[in-house]
Amino acid sequence: MAHFTAKPILEDLAELDELLFGDAQSHLRSELDFFASHPESSISIGPEELARAYVQLSGCRKRLNSALEKQDQWREVSDTGRETLAKMQDLDQLLQDLKQRQAEKEPPFAAERAEFLAQLNAEREAVDREIQQQKDKIEEYYARKKRESTYRNLVGTDQTWM
């Protein structure tokens, strides 16, 4: 039968205590050593400092419990964050698929639009031809009037030749 001892657990707890409260304990230890070696110095430790140090040293169990609670809370937050990230990735994939399908799909009323544009171009060409015909008639009319005017000015209209 296996025998378990509490020694490794106590060593781990001592190491955890050292990591959590090592700075405060070492600072307190150095102040106490300095106070013990120099009792007549001007440094005085009042009851407030001693009470604060005692609370820091004796509050180890409370801090360990609060650290465990915070660790559980962080796990919950982390799990929620992972779930949210997974949902966001799923939504992103859905959006990408939707964009791809819309890009591949023909726009609505494409055939009607093409037919309308062809009809519009045909009407535009017919109007352009009509305008060109009117322009040609006007240019021909003014060219004839110019010839007649030039002929009248050169030859004259009231001359009798014989």
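These values consider heavy atoms only, across backbone and side chains, with no hydrogens, waters or symmetry-generated copies.
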Side-chain hydrophobic cluster, 4.5 Å single linkage: members besides Leu95: none
- prompt: CG of Leu32 to CD of Gln25: how many Å apart, nearest 0.5 Å?
  reply: 11.5 Å
query: Excluding sequence neighbours, so at least two apart, what forms side chain to side chain contact (heavy atoms under 4.5 Å, CB included) with Tyr141?
result: Arg144, Lys145
statement: salt bridge (charged side-chain N to carboxylate O under 4.0 Å, His left out) pairs touching residues 77-93, sequence neighbours excluded, are Asp79-Arg82
task: Find out whether Asp136 and Glu140 are in side-chain contact, i.e. whether some heavy atom of one side chain is under 4.5 Å from a heavy atom of the other.
output: no
query: With Thr84, which residues qualify under side chain to side chain contact (heavy atoms under 4.5 Å, CB included), at least two apart?
result: Thr80, Met88
Counterpart residues, side chain to side chain contact (heavy atoms under 4.5 Å, CB included), relative to Lys135 (two or more places apart): Gln132, Glu139
task: Could I get the full list of salt bridge (Lys or Arg N to Asp or Glu O under 4.0 Å) partners for Glu148, not counting sequence neighbours?
output: Arg152
statement: Across all chains, not counting sequence neighbours, the side-chain hydrogen bond (donor to acceptor under 3.5 Å, both in side chains) partners of Glu31 are His27
- request: Drop me the distance from Gln96's CD to Leu91's CG, to the nearest 0.5 angstrom.
  value: 12.0 Å
task: Only counting residues at least two apart or in another chain, list the ones meeting side-chain hydrogen bond (donor to acceptor under 3.5 Å, both in side chains) with Gln93.
output: Asp97
With Ser149 via side chain to side chain contact (heavy atoms under 4.5 Å, CB included) - residues at least two apart: Asn153
message: Can you tell me if Asp23 has over 12 outside heavy atoms packed within less than 6.0 Å of its CG?
response: no
